[in-house]
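Numbered from 1 within each chain, the chains take letters A, B, ... in sequence-line order.
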Protein chains: 2
Amino acid sequence: MSAAPREAKSVRTRRRILDAAAEVFSEQGYGARLSDIAERAGMKTGSLYYHFDSREDLVAEVLRLGIEGAWDQVAAAVGRLPSTATPMERLAAAIRAHTLSIVGRSAYATAQARIVGSLPGELARAHRKDQRAYGDSWRDLFGAAQRAGDIDGEIDVFVAQMLAFGAMNWTSEWFRDGLGTTPEQLADQAVLVFFHGLSAR
Amino acid sequence: MSAAPREAKSVRTRRRILDAAAEVFSEQGYGARLSDIAERAGMKTGSLYYHFDSREDLVAEVLRLGIEGAWDQVAAAVGRLPSTATPMERLAAAIRAHTLSIVGRSAYATAQARIVGSLPGELARAHRKDQRAYGDSWRDLFGAAQRAGDIDGEIDVFVAQMLAFGAMNWTSEWFRDGLGTTPEQLADQAVLVFFHGLSAR
DNA sequence: GTCTATATGACGATAGAC
DNA sequence: GTCTATCGTCATATAGAC
């Protein structure tokens with residue numbers, strides 16, 4: 001009947017499990033139990049294994065989707081800028097978008113930021129390729145700004161990039177709604193701090 | 001015989017276990033096993049329980065000493081400044097000292113920064129009082145700089161403080177010796193970024 | 001104080017009924 | 001596809017010898 005074929009039910013169930021996992025990991029960190037994830041997905045622990053071979057597989061997929069989701073938002077935000085945008089304007093859009101993706105726009109991105117620091121060696125290695133690709137995209141953004149002469153000569157852009165990642169990812173640990181600051185204000189503050197620093201001017 | 005009484009042997013052993021735990025946690029994160037800690041301390045797993053009631057007790061003590069160690073270094077660095085130092089100079093010294101304490105000067109501080117984000121609810125709550133006290137000291141540093149008019153009016157100092165903590169603590173995840181950057185250079189970069197931002201000036 | 005040996009419990013993972 | 005039931009493993013924790 002339905003002319004447009006809907007995605008297979010198993011695909012949707014798999015997605016439901018991943019959604020649940022992303023939420024639970026973003027709340028409890030890497031140590032979260034499969035039973036909690038199963039419960040949130042509305043099934044029993046054993047049933048998860050029809051869709052995933054192991055806990056590691058599930059974690060790996062959440063991580064991958066987390067980086068993918070963050071990158072989708074960053075790329076979209078940068079892409080929305082007019083072609084006349086300067087490298088620094090593009091970098092600002094990226095910082096805003098990444099921060100917003102961590103602070104609640106995507107459970108996957110939040111989960112990724114929250115647990116990436118607690119991964120055991122095996123998973124960390126497997127995740128490194130995706131991390132590197134994402135980091136390289138950022139390096140391009142920083143590099144373009146640097147070549148345009150918009151970044152101060154004293155700044156080590158690699159170090160600056162890692163400091164920025166730390167500041168943004170760490171928001172998953174402390175930022176909560178109802179703290180008197182909105183996600184948008186937080187994102188603006190991040191841009192402000194990284195572009196001009198704290199000092200009065 | 002020995003006129004100056006040395007500290008009891010049990011105290012030294014306890015310290016040896018804590019040192020081992022701090023190192024192992026800083027390398028492997030919160031998921032590290034007691035057996036690894038025991039091995040590094042030169043004993044068997046069961047023997048740890050003569051000195052600590054539980055894994056949680058051991059973790060809690062490492063966390064406490066981690067904050068204490070960081071604060072010792074920060075307070076000492078700030079205290080070394082001449083009394084004529086400005087609030088911003090004091091804040092700079094604090095950022096330098098905290099960053100250095102994370103990047104290898106104290107295994108406890110490194111371990112604390114590395115695992116504080118992965119703590120299960122129980123331990124996280126227990127640790128909160130120490131965190132708050134440390135955060136309050138930083139709030140004083142920021143507050144003094146703000147009242148002196150040295151911090152830009154657009155900056156939300158609470159948000160800025162949390163961004164700074166994130167950037168500094170995250171260095172425990174990526175900074176390694178032999179990366180072409182020394183700990184001192186890293187600390188200087190942190191000050192540079194947070195004081196003046198990336199922008200050319 | 002530290003050892004060996006073992007108890008305990010949790011959680012990931014599997015098997016088979018439905 | 002999901003369930004119930006269970007297995008196997010591993011890490012924390014305890015007991016008792018030395």
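Using the six-membered ring where Trp is involved, Tyr30(B) and Phe25(B) have ring planes that are parallel, under 30° apart on the 30 and 60° scheme.
Side-chain nitrogen and oxygen atoms of Thr13(A) include none within less than 4.0 Å of the OP1 or OP2 phosphate oxygen of dG1(D).
Residues forming a side chain to side chain donor-acceptor pair (under 3.5 Å) with Asp156(B) (at least two apart in sequence, or on another chain): none.
Between the CD atom of Gln28(A) and the P atom of dC11(C) there is a distance of 11 Å, rounded to whole Å. Rounded to whole Å, atom P of dT2(C) lies 16 Å from atom CD of Glu39(B). Between the CG atom of Leu48(B) and the C1' atom of dG1(C) there is a distance of 12 Å, rounded to whole Å. Atom CZ in Phe52(A) sits roughly 13 Å away from atom P in dA13(C) (whole-Å rounding).
Using a distance-only test at 3.5 Å, with no hydrogens or angles considered, no donor-acceptor pair links the side chain of Glu23(B) to the main chain of Ala20(B). When atom types are taken as modelled, the side chain of Ser199(B) and the backbone of Phe195(A) share a donor-acceptor pair closer than 3.5 angstrom. Looking only at distances, a side-chain donor or acceptor of Arg114(A) sits under 3.5 Å from a matching main-chain atom of Ser26(A).
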Worksheet item: If pairs are Watson-Crick or G-U with both distances under 3.5 Å, what is the dot-bracket string of DNA chain D, marking crossing pairs with [ ] and pairs to another strand with |?
Response: ||||||||||||||||||

Practice prompt. Evaluate salt bridge (charged side-chain N to carboxylate O under 4.0 Å, His left out) for Asp36(B) paired with Arg33(B), printing each intermediate quantity in order.
Written response: CA-CA 5 Å; Asp36(B) 291 333; Arg33(B) 293 178 291 248; 3.6 Å; yes

Practice prompt. Before giving the answer on side chain to side chain donor-acceptor pair (under 3.5 Å), spell out for Gln112(A) and His127(A) the whole-Å C-alpha distance, their side-chain angles and the decisive distance to 0.1 Å.
Written response: CA-CA 10 Å; Gln112(A) 197 272 344; His127(A) 189 45; 2.9 Å; yes

Worksheet, complete the sentence: Expected string for nucleotides 3-18 of chain D under the B/S/- scheme (protein heavy atoms, under 4.0 Å, primed atoms plus P, OP1, OP2 as sugar-phosphate) is BB------SSBB----

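A salt bridge does not link Arg15(B) with Glu61(B): every distance from a Lys NZ or Arg NE/NH1/NH2 to an Asp or Glu carboxylate oxygen is 4.0 Å or more.
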